[in-house]
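The block underneath contains the structure these notes are about, expressed in structure tokens.
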There are 2 protein chains.
Amino acid sequence: MKTKKHVFPHQQCKTNFLALRDSLELLGGKWKLFIVLRIGKNPDDLHHFKKLEKDIIGISAKVLSKELRVLEENKIITRTVQNTRPVTVTYALTKYGQSLIPIAQDLQQWGLNHRKMISGI
Amino acid sequence: MKTKKHVFPHQQCKTNFLALRDSLELLGGKWKLFIVLRIGKNPDDLHHFKKLEKDIIGISAKVLSKELRVLEENKIITRTVQNTRPVTVTYALTKYGQSLIPIAQDLQQWGLNHRKMISGI
DNA sequence: CGGGATCCAATAAGATACTG
DNA sequence: CAGTATCTTATTGGATCCCG
């Protein structure tokens, strides 16, 4: 049973604010954009769960599986199950999910710059 | 006394990943980009604490003050105290902080689009 | 006005074990 | 392989009161 998450007072505000809220809620977490970049940068690789867990250093299986689920629900990635023994699952960015790559890259670039900036260039 | 936050295993990874981590950690929270947009969109207004608290619907004073402090530490906003009685404090975006506006707007735009997308256009 | 201090509830994250 | 379940801890956020 899923309790209705939380109704934000923002629901009375302008659509634009809501939109930013949506984006931050979906993408603002610790890992989602990492996952998107990881998958998106090598679109031709097959992305398996264990591989992602290993590549995205610091993430735990629990968190990874949750993040992947949310990304899938939001049509940003696809999850494909091959019924081999044992099962094989691959993840891929959707075409829609690819629209996040420039955003993630901009953030990455900003962070790169910020690091220089703060460490007092 | 500030306990050393947490040393990420990421500190062994590539700079790019670190950069994205930085950005997400700084900007990925619930409010920071809202504040930046709020201040940045009307650069000629005087932005007072209480006004921001009222405008940014849903934020509490405690959280707002914390967010403002972090933004100031990161040179994204300035905090100016006039010694009137009672004191007046105004916040403004730095020139550097303005570099966040396009990023915030992109996210906002993405969220707008996502909302249409998910509600099944 | 512009917050800080404190207490408490809700969430998120980490560790470990286990399963089809 | 690809996860889930469970338990515990850490972090966030809200509410309230207070202060110069």
Side-chain angles (χ1 to χ4, degrees), chain A residues 1-10 21 24-35 38-39 45-73 77-92, chain B residues 1-10 21 24-35 38-39 45-73 77-92:
Chain A
M1 184 75 67
K2 212 170 188 176
T3 59
K4 177 73 181 158
K5 256 205 89 152
H6 182 192
V7 179
F8 289 95
H10 292 86
R21 163 73 52 238
L24 286 175
E25 219 152 283
L26 176 56
L27 309 173
K30 204 170 163 183
W31 298 110
K32 248 102 83 193
L33 284 183
F34 271 93
I35 297 171
R38 184 74 197 81
I39 298 182
D45 289 10
L46 291 182
H47 298 282
H48 303 260
F49 189 90
K50 283 291 178 192
K51 189 69 167 35
L52 289 172
E53 185 184 355
K54 198 161 63 68
D55 286 353
I56 303 174
I57 301 176
I59 202 169
S60 69
K62 187 180 86 174
V63 173
L64 178 57
S65 86
K66 192 199 63 184
E67 302 285 70
L68 289 171
R69 219 177 306 129
V70 173
L71 288 173
E72 193 196 357
E73 285 165 4
I77 61 173
T78 56
R79 177 174 185 274
T80 311
V81 184
Q82 279 100 0
N83 35 358
T84 50
R85 281 303 319 244
V87 292
T88 319
V89 180
T90 55
Y91 294 92
Chain B
M1 183 77 66
K2 211 171 188 176
T3 57
K4 178 70 181 159
K5 258 206 86 154
H6 183 192
V7 179
F8 288 96
H10 293 86
R21 162 75 52 239
L24 286 175
E25 219 152 282
L26 177 55
L27 308 172
K30 202 171 165 182
W31 297 111
K32 248 100 84 193
L33 284 183
F34 271 92
I35 298 172
R38 184 76 197 80
I39 299 183
D45 291 9
L46 292 182
H47 299 281
H48 303 262
F49 188 91
K50 283 290 177 191
K51 189 68 168 33
L52 289 172
E53 185 184 354
K54 197 161 62 69
D55 286 353
I56 302 174
I57 301 176
I59 202 169
S60 69
K62 188 180 87 174
V63 173
L64 178 57
S65 85
K66 193 200 61 182
E67 301 284 71
L68 288 171
R69 218 177 308 128
V70 173
L71 288 173
E72 193 197 357
E73 286 166 3
I77 61 173
T78 57
R79 178 176 184 273
T80 311
V81 184
Q82 279 100 1
N83 34 0
T84 52
R85 283 299 321 245
V87 292
T88 319
V89 180
T90 55
Y91 294 92

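This structure is a prediction, so every number in the text was calculated from the model and none was measured. Sequence lines set the chain letters: A, B, ... in the order given, protein chains first and strands last, and positions in each chain run from 1.
Considering only the side chain of A/Val63, C/dG14 comes nearest among D/dA2, C/dG14, D/dG14. Residue A/Lys62 has its side chain nearest to D/dC7 when only D/dC7, C/dG4, D/dG14 are considered.
Close to D/dG3, at under 4.0 Å from its OP1 or OP2, lies a side-chain N or O of A/Tyr91. Distances shorter than 4.0 Å separate some side-chain N or O of B/His48 from OP1 or OP2 on C/dG2. Checking the phosphate oxygens (OP1, OP2) of C/dG3, a side-chain nitrogen or oxygen of B/Arg79 falls inside 4.0 Å. One finds a side-chain N or O of A/Lys66 lying less than 4.0 angstrom from the OP1 or OP2 phosphate oxygen of C/dA13. Applying the 4.0 Å criterion to OP1 and OP2 of C/dC1, one finds that B/Thr84 has every side-chain N and O outside that range. Between A/Ser65 and D/dT4, a side-chain N or O to OP1/OP2 separation shorter than 4.0 Å is present.
Counting any heavy atom pair closer than 4.0 Å across all strands shown, B/Lys51 reaches no nucleic acid atom.
Side-chain atoms of A/Ile59 and A/Leu52, non-hydrogen and from C-beta on, never get closer than 4.5 Å to each other.
The 5' end of DNA chain D is approached more closely, in terms of each residue's nearest nucleotide, by A/Val87 than by the other of A/Arg69 and A/Val87.
Taking CD of A/Glu73 as the reference point, atom CZ of A/Arg79 lies at 11.5 Å (rounded to 0.5 Å).
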